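Here the structure comes first, spelled out in structure tokens, and everything after it is commentary.
Note that this is a predicted model, so its numbers are computed, not measured. Side-chain atoms are counted along with the backbone in the values below, which use heavy atoms only and exclude waters and symmetry mates.
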Amino acid sequence: MKLRYVAAALLAATALADTAEAGPLDATGQWSVTSRGHAPLPPMGWNSWNAFNSDVDEEKVLAAAKALVDSGLAAKGYVYVNIDDGWWLRRRTSDGRLMIRTARWPSARGKDPAGSFRPWTDKLHAMGLKAGIYSDIGRNSCGQAYTAQFAGQPEGTVEEREVGLYGHIQQDIVLFMGEWNFDMLKVDGCGIRAMSPANPLVASGQYRALGPLIDYETLPNTDIAAVRALYTEVGEAMDRTRPRGDFVYSLCLWGSADVRAWAGKVGNMSRTSEDISPNWERMLHNLDAASRRELYAHPNSWNDPDMLFVGTGAFDMDHLVEARSHMTLWAMLNAPLIIGYDMRKASSALLSVLGNPKVIALNQDAAGNQAVLAYDGETVQILVKSLADGTKAVAVLNRSGIPVDATLTAAHLKYRADSPVALTDLWDGGERAFTGEVPVHLESHQTLLFKASGTREHPGGLYLSEMPGSVNPAVDGVVHPMADPLVHRGLLPWRSTRGDGEHSVYGGWGGARADATPFAQTPKIAGKAYASAIGVLANSRIEVRGNGAATFTAEAGIDDATADTSARVRFSVHADGKRLLQTDWMKRGDAPAMIAVPVKGARIIELVAEGNRAEMQDVPVTWGKAALDR
Ligand code: GLA
């Protein structure tokens with residue numbers, strides 16, 4: 001086997017001809033995660049939906065706000081107090097202004113019967129909190145589409161009940177973020193998903209038809225560009241209204257419309273799945289929809305597996321093991337920590353789960369790295385999160401309802417097997433140490449959580465898979481979004497096991513991965529397996545923050561998992577837009593290209609894998625041992 005050594009010398013920059021239009025694989029020298037809004041760390045707070053659904057009023061929400069302050073949770077970071085569905089009465093047709101259900105929001109009453117939330121947001125701000133509100137990108141809301149029997153549904157004529165943003169984006173955003181001064185806006189998508197002409201609610205004349213732009217079950221039927229354009233328009237209206245960028249824009253598309261590919265360019269957090277419910281299986285479902293998207297979460301744009309259900313049902317205080325697991329997993333995922341509990345009832349046990357400062361600190365760690373799956377099993381999963389101080393957090397999850405024994409190894413942590421690894425249990429404070437490996441016993445549904453330190457396997461720097469918050473697959477090579485089969489079919493309470501169940505629906509299969517191929521295999525080039533790698537499809541461009549490193553090294557090639565022996569891929573590395581090297585065209589089975597290039601001073605390094613055909617959906621490539629060294 002002939003090893004291919006690529007010169008580390010800097011090649012002359014290839015300036016694009018003035019006339020040439022930049023293609024998606026052309027290096028930009030830019031970090032393309034949005035700078036809109038402000039969410040350098042995952043937002044934390046409370047939302048009314050899980051506690052009250054749309055049966056929401058000022059008394060309940062104010063009680064939650066007060067409880068956040070009085071319990072000390074606000075001081076620990078839980079500052080957003082978000083009103084979800086149910087606040088609106090109707091849209092006034094004379095001027096299009098949204099009217100508040102002031103019968104339930106006394107402080108919103110004023111001379112204008114439409115009411116104003118300004119006194120409400122002023123009150124929250126005076127308490128040191130921030131205020132969030134809810135809308136929908138279509139003409140109608142999720143409540144109108146799916147829970148019309150719930151309280152707080154809009155009233156009046158068809159037109160008056162059109163409370164969503166569609167056709168009113170600029171006007172409503174100025175109202176929410178300007179006049180009313182909210183700090184966070186969640187934008188749901190039911191109005192462009194549910195209001196098809198065939199919907200009985202539409203056919204019977206209760207609502208106007210719209211689209212649908214989203215076909216939840218059948219990805220190719222979704223008009224991705226139209227959905228993205230609408231959400232972008234909202235973001236731009238927010239920028240105009242709040243030019244200082246002091247807001248959070250939360251996308252709620254439940255993983256549909258290929259939102260994974262573009263959420264990072266549009267908003268600050270993005271739902272990865274359908275709604276969580278307070279049972280163990282559904283929590284796992286929401287975990288699964290986010291846990292393999294570790295390269296799609298970055299400071300200022302996070303994966304959102306939905307709000308916490310800690311305190312309720314399978315996560316109530318009679319199920320502390322499950323409550324801690326849920327909290328641990330959301331912290332490790334860098335999920336926004338949004339409490340969904342009636343805080344008037346919060347016990348000290350609940351507050352100690354939600355308020356564990358060490359667990360919160362993981363979620364709020366400055367490096368912004370979502371945990372990576374170091375072991376991805378049906379029963380046990382091991383998640384490792386690299387922290388800003390150079391240490392790691394590791395969570396060992398037992399998904400099953402029976403006790404299991406597992407083994408945590410130094411290799412899971414990318415630590416050396418011949419020197420001791422120190423573990424501190426972040427729930428009970430217990431300390432232990434091991435060398436090589438350690439047996440761990442897990443009770444049913446238990447997640448053990450440790451902070452770990454040891455001797456790094458790769459002492460010179462960081463593998464890219466240890467810094468997912470600084471690695472952005474700006475172009476991930478996915479041509480036709482497909483549902484992720486690893487997000488298992490769940491049992492929906494209203495559907496039970498009728499029919500053929502709930503299918504995988506969240507587009508995401510084939511996305512870029514840390515320490516795995518896009519199709520969840522061990523990365524391999526010409527028979528050599530890589531424990532540390534970035535796996536991505538051909539025709540991809542990955543942005544990496546330079547973070548002060550001196551050298552980029554990798555072993556690059558077509559992954560052995562590709563069946564397409566006619567595919568050819570060439571790899572290039574760029575620093576701040578200038579090409580440093582390009583390999584020859586490579587085929588499956590070729591030995592990896594050994595790359596080592598100086599990147600000192602570079603802000604953005606780009607890794608491009610260019611295929612010889614425009615559509616190469618199924619050609620995984622591997623950047624083996626990809627690392628930035630000091
Ligand atoms: C959707 C969202 C939920 C909640 C409800 C409100 O289902 O996913 O989070 O906002 O709408 O109706």
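Look at Asp84 and Lys186 and you find a salt bridge, because one of the NZ, NE, NH1 or NH2 atoms lies within 4.0 Å of a carboxylate O, short of that distance. Salt bridge Arg282/Asp306: absent, no basic N to carboxylate O contact under 4.0 Å. Of the charged side-chain nitrogens involved, at least one lies within less than 4.0 Å of a carboxylate oxygen, so that Asp172 and Arg91 count as a salt-bridged pair. Salt bridge present: Arg399 and Asp288 bring a charged side-chain N and a carboxylate O closer than 4.0 Å. The pair Asp476-Arg260 counts as a salt bridge, with a side-chain nitrogen and a carboxylate oxygen less than 4.0 angstrom apart. Residues Glu274 and Arg495 are not paired through a salt bridge, judged by the lack of any N-O separation under 4.0 Å between the basic side chain and the carboxylate. A salt bridge links Arg208 to Glu162: at least one charged side-chain nitrogen sits closer than 4.0 Å to a carboxylate oxygen. Using a 4.0 Å cut-off between charged side-chain N and carboxylate O, Arg292 and Asp376 make a salt bridge. Salt bridge Glu294/Arg513: present, at least one basic N to carboxylate O contact under 4.0 Å.
By the disulfide (SG to SG under 2.5 Å) test, Cys190 is found to be paired with Cys142, residues two or more places apart in sequence or in another chain being considered.
Nearest heavy-atom pair, Arg101 versus Gly152, reported as atom, atom and distance to 0.1 Å: NH2-C, 3.4 Å. Listed here is the closest heavy atom pair of Thr379 and Val404: CG2-CG1, 3.7 Å. Residues Pro518 and Pro620 approach most closely at CD-CB, 3.7 Å, considering heavy atoms.
Relative ring orientation between His326 and Trp330 is described as perpendicular, the plane-to-plane angle rising above 60° on a 0-90° scale split at 30° and 60°. Aromatic ring orientation, Tyr375 versus His412: perpendicular (interplanar angle above 60°, classes split at 30° and 60°). Below 30°, between 30° and 60°, or above 60°: for Trp262 and Tyr231 the angle between ring planes is between 30° and 60°, a tilted geometry.
Side-chain contact of Trp88 with Ser135: a donor-acceptor pair under 3.5 Å is absent, judged by distance alone. A side-chain donor from one of Tyr134 and Asp188 sits under 3.5 Å from a side-chain acceptor of the other. Counted by atom type alone, His480 and Glu615 present one or more donor-acceptor pairs between their side chains at under 3.5 Å. Using modelled atom types, one finds no donor on one side chain facing an acceptor on the other under 3.5 Å when comparing Asn82 with Lys130.
For the atom pair CG (Asp136) and OG (Ser141), the distance works out to 6.5 Å, reported to the nearest 0.5 Å. Atom-to-atom distance recorded for Ile382:CD1 and Leu373:CG is 10.0 Å, nearest 0.5 angstrom. One distance of note links CE of Met343 with CG of Leu62; it measures 13.5 Å at 0.5 Å rounding. Interatomic distance, Asp275 CG to Trp49 CH2, rounded to the nearest 0.5 Å: 7.0 Å. Interatomic distance, CZ of Phe150 versus CG of Asn53, reported as 4.5 Å (0.5 Å rounding). Atoms CG and OG, on Leu210 and Ser196 in that order, are 10.5 Å from each other to the nearest 0.5 Å.
In this structure, Arg193 is positioned above the aromatic face of Tyr216, its NZ or CZ under 6.0 Å from the six-membered ring centre and within 45° of the axis.
Taking the six-membered ring for Trp, His285 and Tyr506 have ring centres closer than 6.0 Å. In summary, the aromatic rings of Tyr80 and Trp46 are positioned with their centroids too far apart to meet the 6.0 Å limit. Taking the six-membered ring for Trp and the full ring otherwise, Trp120 and Trp105 have centroids separated by under 6.0 Å.
The backbone N or O of Asn268 sits nowhere less than 3.5 Å from a side-chain atom of Asn300 that would complete a donor-acceptor pair. Using a distance-only test at 3.5 Å, with no hydrogens or angles considered, a donor-acceptor pair links the side chain of Arg161 to the main chain of Gln206. Proximity of a side-chain donor or acceptor of Thr218 to a complementary backbone N or O of Asp215 within less than 3.5 Å is not detected. Judged by distance alone, with hydrogens and angles left aside, the side-chain atoms of Thr157 form a donor-acceptor pair with the main-chain N or O of Glu160 at under 3.5 Å.
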Notebook entry, point to check: Between Asp484 and Arg293, does a salt bridge (charged side-chain N to carboxylate O under 4.0 Å, His left out) hold up when you go through it step by step?
Noted result: CA-CA 11 Å; Asp484 184 341; Arg293 297 184 172 206; 5.8 Å; no
